[in-house]
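Side chains are part of it too, since the values below use all heavy atoms of this structure and drop only hydrogens, waters and symmetry mates. Convention: sequence-line order gives letters A, B, ...; per-chain numbering from 1.
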Amino acid sequence: MASVWKRLSCDGDVLNLGITLVCGQAFRWKKLNNEEWCGVLSGKVWTFKQSSDGIYYKVNSRLSEVESTTQNESILNDYFQLNIDLHHLYDHWSSRDDNFKQVAATISGFRLLRQDPVENLFSFICSSNNNIERISSMVEALCVKYGGIITEVNGVVYHDFPSIATLAEPQVEQELRELKFGYRAKFIHETAKILMKKCNKDWLISLREVPYEEAHAALCELPGVGAKVADCVCLMSLDKTDAIPVDTHVWQISCRDYNIPDLKKSKSLTNKAYKAIGDHFRQLFGKYAGWANSVLFSGDLKKFQDSKVNYIQVSLI
DNA sequence: TCTTCACCTTGGAC
DNA sequence: AGTCCAAGGTGAA
Ligand SMILES: [Mg+2]
């Protein structure tokens with residue numbers, strides 16, 4: 001379990017950890033310092049370091065577990081989707097959209113993570129009408145309350161994300177209410193119970209094998225899951241690379257910066273407008289439109305606004 | 001098909 | 001101190 005730094009065979013310019021891990025697609029990566037992040041993936045605790053000469057990682061597993069470098073690198077290749085040629089995609093998206101070209105200059109190496117659908121789904125059920133900081137603390141609370149202990153690293157105990165079965169237990173809704181989950185407590189409990197009733201125990205992950213529209217519709221059946229959350233899950237854990245989650249921000253910017261047919265007519269984000277925005281970006285960016293869209297709008301996150309301001313201030317000194 | 005409203009909680013703005 | 005509002009929406013009328 002003692003762990004040493006190992007080098008990840010991947011150039012730093014095709015994986016920007018600072019943006020990729022804390023842009024709001026996953027909520028459990030903690031920034032340790034300027035170049036290190038720590039969190040849980042696949043039942044292990046990982047620490048990453050992005051230095052000028054490459055990306056390094058350390059692994060801390062359960063005491064019983066035997067470490068395998070081959071297996072660990074396989075986990076990372078899968079999670080960071082390192083087989084996908086990011087330069088090629090950036091070039092393609094830039095050629096299709098000047099706005100993207102501008103934004104991309106400040107956000108290189110952004111990747112969609114290939115997440116676990118269970119954690120991804122319940123995390124985004126927490127996201128409605130909420131902010132990233134509270135979403136993160138709620139996901140953390142779920143893990144501490146209901147997830148198994150993995151191990152301790154530097155005085156911090158790390159937990160797995162809870163199983164569906166655990167979240168479906170009778171007292172969960174009330175307990176989550178007490179943990180200040182608000183109305184999301186019921187959504188989480190109900191969704192867990194529905195998933196438990198499915199004949200296919202791996203129903204969620206099996207949606208990787210069905211077409212985007214079908215997966216999206218199936219997810220929308222779940223309580224607390226609407227078009228936006230369903231698209232987040234499709235994009236971030238079900239391999240639907242052209243799923244476009246449209247939140248209020250994407251909607252507003254789309255109205256302002258893109259000429260999308262009959263979008264400005266509606267006062268609220270209607271189902272029709274939602275579809276029109278998605279279709280527009282899919283038509284513009286192609287098969288990986290969801291990735292392009294994520295790059296485009298992650299740059300506007302409040303979290304990165306601050307770092308941009310800092311960057312500008314520093315560069316002016 | 002579109003609009004309106006309630007919904008938990010928290011933190012910032014007046 | 002009290003009120004209002006927005007924050008990765010969803011569901012029901
Ligand atoms: Mg639903």
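Rounded to the nearest Å, the gap between the P atom of C:dC4 and that of B:dA6 is 13 Å. Rounded to whole Å, the C1' atom of B:dC5 lies 16 Å from the corresponding atom of C:dC5. Spacing between C:dG11 and B:dT10 at atom P, rounded to whole Å, works out to 23 Å. Nucleotides C:dT10 and B:dG11 are separated by 24 Å at their P atoms, to the nearest Å.
Looking at heavy-atom distances under 4.0 Å, A:Ala227 makes contact with sugar-phosphate atoms alone, never a base. A:Leu222 comes within contact range of the sugar-phosphate backbone alone, with a heavy-atom separation under 4.0 Å but no base atom that close. A:Gln25 comes within 4.0 angstrom of a nucleotide base, judged by non-hydrogen atoms across all strands.
Within a heavy-atom distance below 4.0 Å of DNA chain B, the residues of residues 242-279 of chain A found are A:Ser266, A:Lys267, A:Ser268, A:Thr270, A:Lys272.
Screening residues 156-168 of chain A for side-chain hydrogen bond (donor to acceptor under 3.5 Å, both in side chains), with sequence neighbours left out, gives A:Arg62-A:Asp160, A:Ser163-A:Thr166. Within the structure, every pair that satisfies the salt bridge (Lys or Arg N to Asp or Glu O under 4.0 Å) test and touches residues 104-120 of chain A, not counting sequence neighbours, is listed here: A:Arg28-A:Glu119, A:Asp78-A:Arg114, A:Arg114-A:Asp239. The side-chain hydrogen bond (donor to acceptor under 3.5 Å, both in side chains) analysis of residues 32-43 of chain A, with sequence neighbours excluded, yields no pairs. For residues 121-141 of chain A, the pairs satisfying side-chain hydrogen bond (donor to acceptor under 3.5 Å, both in side chains) are A:Ser128-A:Tyr183, A:Asn130-A:Arg134, with sequence neighbours left out.
Between C:dA7, C:dG11, B:dT9, one nucleotide has an atom nearer to the side chain of A:Asn131 than all others, and that is C:dA7.
Atom pair A:Phe187:CZ and C:dG11:C1' shows a separation of 7 Å (rounding to whole Å applied). Atom CG in A:Asn129 sits roughly 17 Å away from atom P in B:dT4 (whole-Å rounding). Rounded to whole Å, atom C1' of B:dC8 lies 12 Å from atom CD of A:Glu173. Distance, A:Met138 CE to B:dG11 P: 13 Å, rounded to whole Å. Rounded to whole angstrom, the span from the NZ atom of A:Lys180 across to the C1' atom of B:dT9 amounts to 9 Å. One atom, CD of A:Glu190, and another, P of C:dG11, lie 12 Å apart when rounded to the nearest Å. Atom C1' of nucleotide C:dG9 and atom CD1 of A:Ile188 are separated by 14 Å, given to the nearest angstrom. Computed from coordinates, the A:Tyr183 OH to B:dC5 C1' distance equals 13 Å when rounded to whole Å.
With hydrogens and angles ignored, no donor-acceptor pair closer than 3.5 Å exists between the side chain of A:Arg184 and the base of B:dC7. With hydrogens and angles ignored, a donor-acceptor pair under 3.5 angstrom links the side chain of A:Arg134 to the base of B:dT9.
Checking the phosphate oxygens (OP1, OP2) of B:dC8, a side-chain nitrogen or oxygen of A:Arg177 falls inside 4.0 Å.
With 3.5 Å as the limit, one finds no donor-acceptor pair spanning the side chains of A:Gln25 and A:Ser294.
Both A:Phe27 and A:Gly224 lie near DNA chain C, and the one whose nearest nucleotide falls closer to the 5' end is A:Phe27.
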task = Report the C-alpha separation of A:Gln115 and A:Tyr79 in whole Å, then their side-chain angles, then the decisive distance to 0.1 Å, and conclude whether the side-chain hydrogen bond (donor to acceptor under 3.5 Å, both in side chains) test is met.
result = CA-CA 7 Å; A:Gln115 300 189 59; A:Tyr79 188 61; 4.9 Å; no

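For DNA chain C, runs of at least 3 consecutive pairs of the Watson-Crick or G-U wobble type, with both hydrogen-bonding distances under 3.5 angstrom, map to B:3-7 with C:9-13, B:9-14 with C:2-7.
By the 6.0 Å and 45° rule, A:Lys49 stacks over the aromatic ring of A:Trp5.
For A:Phe100 and A:Phe285, the ring centers are positioned less than 6.0 Å apart.
For A:Asp13, the CG atom sits in a packed shell: over 12 heavy atoms of surrounding residues, nucleotides or ligands are nearer than 6.0 Å.
One finds no salt bridge joining A:Asp98 and A:Lys101 here, because no Lys/Arg side-chain nitrogen approaches an Asp/Glu carboxylate oxygen to under 4.0 Å.
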